[in-house]
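Notes follow once the structure below has been shown.
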Amino acid sequence: MYHSFDLVFVWETSGKRRAIGDVERASQWLLDHWPYEFSTTLAHRAARIACLEALEGRVENDYARAAFIIAAREADILVE
């Protein structure tokens, strides 16, 4: 099942942004590409849990998106 949401843009590298448009991609980004110094924060953990719950159908995809945005803002990778 595909768990899409409105696009969120994050900085992949300085000057290069990445579009995240679904829970699967957000989950992968949280696990594989997150800035190390922010990989153990409460916001990061909440975003991972929200994505897992969305994948399991327990919360709406937009809930996971909102949690992802909060964590990305904290890690200073959200493209505003």
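Count residues from 1 along the sequence. Note that the structure is predicted; figures quoted are calculated from it, not measured.
One N or O on the side chain of H44 and one on the backbone of L30 form a donor-acceptor pair closer than 3.5 Å. Looking at D22, its side chain does come within 3.5 Å of a backbone N or O of R25 through a donor-acceptor pair.
Between L78 and F9, the shortest heavy-atom distance links the atoms CD1-O, 3.6 Å. Closest approach of A54 to N61, counting heavy atoms only: CB-OD1, 4.0 Å. Of all heavy-atom pairs spanning A47 and A67, the tightest one is CB-O, 3.6 Å.
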Start with the C-alpha distance between W11 and K16, add both sets of side-chain angles, then the distance that settles side-chain contact (heavy atoms from CB on, under 4.5 Å), and finish with yes or no.
CA-CA 6 Å; W11 292 111; K16 183 178 179 185; 5.8 Å; no
### Task
Start with the C-alpha gap between H33 and E12, add the side-chain angles, then the distance that decides, and say whether side-chain hydrogen bond (donor to acceptor under 3.5 Å, both in side chains) holds.
CA-CA 8 Å; H33 303 288; E12 186 171 358; 5.7 Å; no
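Put simply, the side chain of T41 does not reach to within 4.5 Å of the side chain of R45, judged on heavy atoms. Taking the side chain as every heavy atom from C-beta outward, E60 and R65 never approach each other to under 4.5 Å. The shortest side-chain heavy-atom distance between V10 and R17 does not fall under the 4.5 Å cut-off. The shortest side-chain heavy-atom distance between W29 and I77 falls under the 4.5 Å cut-off.
To the nearest 0.5 Å, atoms OG (S27) and CG (L52) are separated by 7.5 Å. For the atom pair W34 CH2 and F68 CZ, the distance stands at 4.5 Å (nearest 0.5 Å).
By the neighbour-count criterion of 12 heavy atoms within 6.0 Å, atom CG of D32 is densely surrounded, having more than that number from other residues, nucleotides or ligands. Other residues, nucleotides and ligands place more than 12 heavy atoms under 6.0 Å from the CZ atom of F38.
In this structure, L55 is a member of the same hydrophobic cluster as F5, with clusters built from ILVMFWY side-chain heavy atoms closer than 4.5 Å. At a threshold of 4.5 Å between side-chain heavy atoms, the hydrophobic network of Ile, Leu, Val, Met, Phe, Trp and Tyr places L7 and V79 in one connected group. Placement of I69 and I20 within a single hydrophobic cluster is found when ILVMFWY residues are connected by side-chain heavy-atom separations under 4.5 Å, directly or transitively.
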